[in-house]
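Worksheet: the structure to be examined is printed underneath.
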Amino acid sequence: MTNTHPTPVSVLGLGGMGTELARALIAKGHPVTVWNRTSARTDQLVELGAARASDPAEAISASPVVIACLLDHQSVRDTFDDHTEHLRGKTLVNLTTTVPGQARELAAWAACHAFDVLDGGIMAVPPMIGGPDAFLLYSGPREAFDRVEPVLAAFGEARYLDADPGRAALYDIALLTGMYGAVAGIIQALALVRAEGQPSAEVAPLLSRWLRGVAAAVGVYAEQIDSRDYAKGTVANLAMQTTGFGHLLDFAESQGVSAELLAPLAELMRRRVAEGHGHEEVTGIVEFLLSKGSTS
Ligand SMILES: NC(=O)c1ccc[n+]([C@@H]2O[C@H](COP(=O)([O-])OP(=O)(O)OC[C@H]3O[C@@H](n4cnc5c(N)ncnc54)[C@H](OP(=O)(O)O)[C@@H]3O)[C@@H](O)[C@H]2O)c1
């Protein structure tokens with residue numbers, strides 16, 4: 001593909017995700033330099049036209065935009081700490097999953113060494129990179145984002161959030177947390193079906209459809225949590241839900257399917273009802289999560 005404004009980009013970290021990021025940049029016509037701790041992982045990208053750097057300093061020096069996609073915050077520090085002089089005046093886009101405090105620490109370190117850091121959260125798995133469903137969250141200096149957005153567009157929708165460097169990491173963690181909660185429910189549901197000897201494949205499309213409908217409630221839940229008015233717009237009161245959910249878990253146990261994945265949620269719901277909030281939505285249990293004594 002012809003790119004009329006090809007920006008040289010370096011990618012450090014070529015695991016499953018970093019490899020797809022580099023591949024997407026090459027496909028968009030950017031001159032790409034790659035580095036990976038285990039050098040053999042650069043081979044397939046070199047075949048596609050990337051330049052191989054023998055160490056992080058060489059990779060950083062090659063491009064004004066440097067992408068990091070490493071295992072964790074520590075591996076980012078291990079890779080970049082000794083090369084701040086090569087980063088001066090450049091933009092480091094850290095797509096490594098971190099927590100907000102780590103993103104802020106990296107931004108403060110960058111400010112001391114006169115380069116910009118954008119922190120990014122990738123809301124995609126590697127095969128989605130460059131496709132219509134991938135979106136990435138960014139925070140850090142707005143000018144830096146505007147400057148490199150044409151590069152970032154290669155990965156998927158680039159969504160800028162805030163100058164606070166920690167915001168992308170916070171939302172990344174929030175979205176992943178939501179995903180794992182859903183994963184727990186999905187696995188429990190498919191376990192129930194398998195325990196009855198039914199194929200999971202048959203219920204899977206129904207479950208997908210149902211979860212899309214359930215996802216529509218996120219906005220209502222958010223309003224209740226922001227306003228602390230957990231009865232606002234209630235469509236399924238907590239007392240009813242607690243009774244029903246208890247029956248689901250009893251059924252699981254009777255089928256020989258452990259209820260341990262979801263039992264903590266049921267317990268919080270029961271406590272909330274016992275404290276007189278049965279008329280509200282399930283969102284009220286957030287009060288237990290935000291107070292230290294949630295297990296009392
Ligand atoms: N895969 C996904 O679905 C996905 C989705 C969203 C976000 N992410 C995030 O993307 C990042 C990379 O994920 P991945 O799937 O590519 O992981 P991965 O396949 O396990 O690759 C990890 C990468 O980090 C490198 N690395 C680990 N420790 C290092 C160190 N101390 N110094 C230098 N390099 C080091 C590895 O180098 P070697 O090859 O030498 O081991 C490899 O390049 C993670 O932060 C992950 O949370 C991944």
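In listed order, ligands and their atoms are each counted from 1.
Between the side chains of Tyr230 and Glu287, at least one donor-acceptor pair of N or O atoms lies under 3.5 Å. Judged purely by distance below 3.5 Å, without hydrogens or angles, the side chains of Thr91 and Arg147 pair a donor atom with an acceptor atom.
For the residues Met123, Glu20, Arg37, the heavy atom positioned nearest atom 29 (C) of ligand 1 is part of Arg37. Distances from atom 11 (C) of ligand 1 to the heavy atoms of Leu70, Thr96, Leu71 show the closest one on Leu70.
Taking the side chain as every heavy atom from C-beta outward, Leu14 and Leu45 approach each other to under 4.5 Å.
In terms of protein heavy-atom proximity, atom 33 (C) of ligand 1 is nearest to Thr79 OG1, 3.4 Å. Here the protein heavy atom with the shortest distance to atom 10 (O) of ligand 1 is Cys69 SG, 3.5 Å. In terms of protein heavy-atom proximity, atom 4 (C) of ligand 1 is nearest to Met17 CE, 3.5 Å. Nearest protein heavy-atom contact of atom 7 (C) of ligand 1 is Thr97 OG1, 3.8 Å. Looking from atom 40 (O) of ligand 1 to the surrounding protein, the closest heavy atom is Thr38 OG1, 2.5 Å.
Listed for the Thr84 side chain is no donor-acceptor partner under 3.5 Å among the backbone atoms of Phe80.
For ligand 1, one of its N or O atoms has an N or O atom of Arg41 under 3.5 Å away.
Sorted by first and then second residue, the ring pair (Phe, Tyr, Trp, His ring centres under 6.0 Å) pairs with a member in residues 155-180 read Phe145-Tyr160; sequence neighbours excluded.
Under a 4.0 Å N-O distance rule, the pair Glu280/Arg272 qualifies as a salt bridge.
For atom 17 (O) of ligand 1, the nearest protein heavy atom is 4.0 Å or more away.
Within the 4.0 Å heavy-atom criterion, neither part of Gln74 lies near ligand 1.
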Extract all donor-acceptor atom pairs below 3.5 Å that involve side chains of residues 203-210 and protein atoms in other chains or at least two apart in sequence.
unit_1, atom_1, unit_2, atom_2, d
Ser208, OG, Ala204, O, 3.2

